[in-house]
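What follows is a short report on a single structure.
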Amino acid sequence: MLDQRLLRDNPELICEQLGRRGMTLDLTGLQLMARQERDLEEQRSNLQAEGNRIGKEVGLKIKGGAAPNSPEVQALRDEGNRIKQQVAVLEEEEKALEAKLREELLTLPNLPSPDAPDGRSEEDNVEIKRWGSPRGKEDWLEEHWQIAERLGLFETERSVRIAQSRFVTLMGQGARLERALINFMLDLHGGKGYREVLPPILVNSASLTGSGQLPKFAEESFRCADDDLWLTPTAEVPVTSLHRGEVIPADQLPLKYVAYTPCFRREAGSYGRDTRGLIRLHQFNKVELYWFVAPDQSAEAHQQITADAEAVLEALELPYRKIELCTGDMGFSATRTYDLEVWLPGAGAYREISSCSVCGDFQARRSAIRMKDGKTTQLLHTLNGSGLAVGRTMAALLENGQQIDGSIKLPAALVPYFGAESIAAA
RNA sequence: GGAGAGGUGGCCGAGUGGUCGAAGGCGCAGCACUGGAAAUGCUGUAUAGGGGCAACUCUAUCGAGGGUUCGAAUCCCUCCCUCUCCGCCA
């Protein structure tokens, strides 16, 4: 959520910066609303001050011996009642205005960082670096879903029976590999000072609002209609809310968490895309990195959290490239985002496997998460990054590890977790 | 799900209608004392929003929301949460 003061004082700046995301908007109405709200607040509190003064005077007179029903006291009581009525009217107006204002503000995305490259779509994203040597496209290379089918690593048809399309049931070595990857990633990050979290994956509306998914993206999440609970689309949601409403002492920052959760997404509007395999599912596993930091640390933290995600790919010997998203392609809450794209030799393409964003104080304001340094309390900054999406990592391992004999060679780092050096041809 | 108890400041804890944003204690910070420290003493120590260059000041907040009243931490209603016991359950 954006700062109301900024809206009151400098809405032009907001328009200009959101313009970089490709939005055209006119905030004069909202600005007016914000100013009206402040005026109402002032009027109301002045009236309340007068009411408080009268209340005290009545108390003093009665204490001083005046009869509670004397004309003098009665006059004050009448005045008090009159003020009370006026306050009630103003309060109602103010509340309505405030609610409307908040509702509108919640739909505005974060302002992009000055460092984020301008652009309209993913076409304009900027490649920062490449790592590893991608194997060339050879005729015999298969796509990961072909490999998985051949090796019996998952069930797709039967998953439709259990749930519906875009669900997968991992089987045998496939299930084992998924589990190995989760543990490997958690251990890798845990060894670097991340505290492991296993949060609820049903989250309430306040949590989804706090991290930015609501109110605008309700159609992207699964909802349990009877309970005000939703299936979390990413661990970012519960982990943000882990500290919702808190004031955190500065010397405890940064707080770094690593959370494994299943993630659930309705993938509305992606019909026909990535329909085979592990790339785009309604339910997938992800190991998420999340930082709460002091504002002056967040730029550096963004480099670090991205490096921590990259370290997983490097440990797994998976070639990747790092790109920076342009303003037109960035997510709702982000001010700046790096995506990591892993090389899939079977598909012959780089595919997103991690997204690392710094959100400034945007989520912190929505979630009321502050830090206290000495006497000053201020909103802190939040960052999130996938470290990594587990299903896509499995896809990458299958495609990159393909041997001519049909088996899959696994990277050395994973062997202790998987318990074998390769997945043998069936 | 049933029965009972309870939710007050960083923490403990007093407070059943009137200068209560809230006694007292602990903790924390500053000052004094000390060679230094402990102990002791004094002072200060919530959050949000509004106004003011500032000193400062106004409003709201005692789980949340509503009500009674000139006036509510205190009385009434609804909800939420925590704890204990019972039931159910992995």
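Nothing here was measured: the structure is a model prediction, and the numbers come from that model.
Side chains of A/Tyr257 and A/Glu288: a donor-acceptor N/O pair is absent below 3.5 angstrom, by distance only.
Set against B/G50, B/G66, B/U59, the side chain of A/Ala49 has B/U59 as its closest nucleotide. When distances are taken from the side chain of A/Arg370 to each of B/A48, B/U59, B/G50, the shortest belongs to B/A48. The side chain of A/Lys56 lies closest to B/U19 when the candidates are B/G49, B/U19, B/C58. Nearest to the side-chain atoms of A/Lys372 among the listed nucleotides B/U47, B/G51, B/C70 stands B/U47. Nearest nucleotide to the side chain of A/Gln48, out of B/G50, B/U47, B/A60: B/A60. Closest approach to the A/Lys84 side chain among B/U59, B/G71, B/G50 is made by B/G71 (side chain taken as heavy atoms from C-beta onward). Of the candidate nucleotides B/U59, B/G18, B/G50, B/G18 has the atom nearest to the side chain of A/Ile62.
A 6.0 Å sphere centred on CD of A/Glu246 holds more than 12 heavy atoms belonging to other residues, nucleotides or ligands. Counted within 6.0 Å of CZ on A/Arg102, heavy atoms from surrounding residues, nucleotides or ligands total 12 or fewer; the atom is thus considered open. More than 12 heavy atoms of other shown residues, nucleotides or ligands fall within 6.0 angstrom of atom CD in A/Gln252. Summarising the local packing, CZ of A/Arg8 is surrounded by more than 12 heavy atoms from other residues, nucleotides or ligands at distances under 6.0 Å.
B/G63 and B/C58: their C1' atoms are spaced 26 Å apart (whole Å). For B/A29 and B/U82, the C1' atoms lie 33 Å apart once the distance is rounded to whole Å. Comparing the C1' positions of B/G21 and B/U47 gives a spacing of 11 Å, expressed to the nearest Å. Separating the P atom of B/G10 from that of B/A23 is a span of 14 Å, rounded to the nearest Å. When the P atom is used for both B/G6 and B/G15, the distance is 13 Å, rounded to whole Å. With C1' as the reference atom, B/C11 and B/U45 are 14 Å apart, rounded to whole Å. Spacing between B/G67 and B/U74 at atom P, rounded to whole Å, works out to 14 Å. Between the P atoms of B/C75 and B/A14, the separation comes to 16 Å (whole Å).
Pairing for B/G44 is with B/C28, a Watson-Crick or G-U wobble pair whose two hydrogen-bonding atom distances lie under 3.5 Å. The nucleotide B/U84 finds its pairing partner in B/A3, both defining distances of the Watson-Crick or G-U wobble pair being shorter than 3.5 Å. Under the Watson-Crick or G-U wobble criterion, with both distances below 3.5 Å, B/A37 has no partner in any strand shown. Using N1 to N3 plus N6-O4 or O6-N4 for Watson-Crick, or N1-O2 and O6-N3 for G-U wobble, each under 3.5 Å, B/C70 pairs with B/G18.
No engagement by A/Arg82 is indicated, since no non-hydrogen atom pair under 4.0 Å with the nucleic acid exists.
Mapped onto RNA chain B by nearest heavy atom, A/Arg44 and A/Gly59 fall at different nucleotides, with A/Gly59 at the one closer to the 5' end. When each of A/Val247 and A/Asn81 is assigned the nucleotide of RNA chain B bearing its nearest heavy atom, the one mapping closer to the 5' terminus is A/Val247.
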Dump the intermediate steps for salt bridge (Lys or Arg N to Asp or Glu O under 4.0 Å) on A/Glu41 and A/Arg44, then the final yes or no.
CA-CA 5 Å; A/Glu41 184 186 347; A/Arg44 191 214 69 222; 5.2 Å; no
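The distance from atom CD1 of A/Ile83 to atom C1' of B/U69 is 15 Å, rounded to the nearest whole Å. Remark: C1' of B/C70 and CD of A/Glu72 are 13 Å apart, rounded to the nearest angstrom. Between the CD atom of A/Glu91 and the P atom of B/G65 there is a distance of 11 Å, given to the nearest Å.
Phosphate contact (OP1/OP2 of B/U19, side-chain N/O of A/Asn52, threshold under 4.0 Å): absent.
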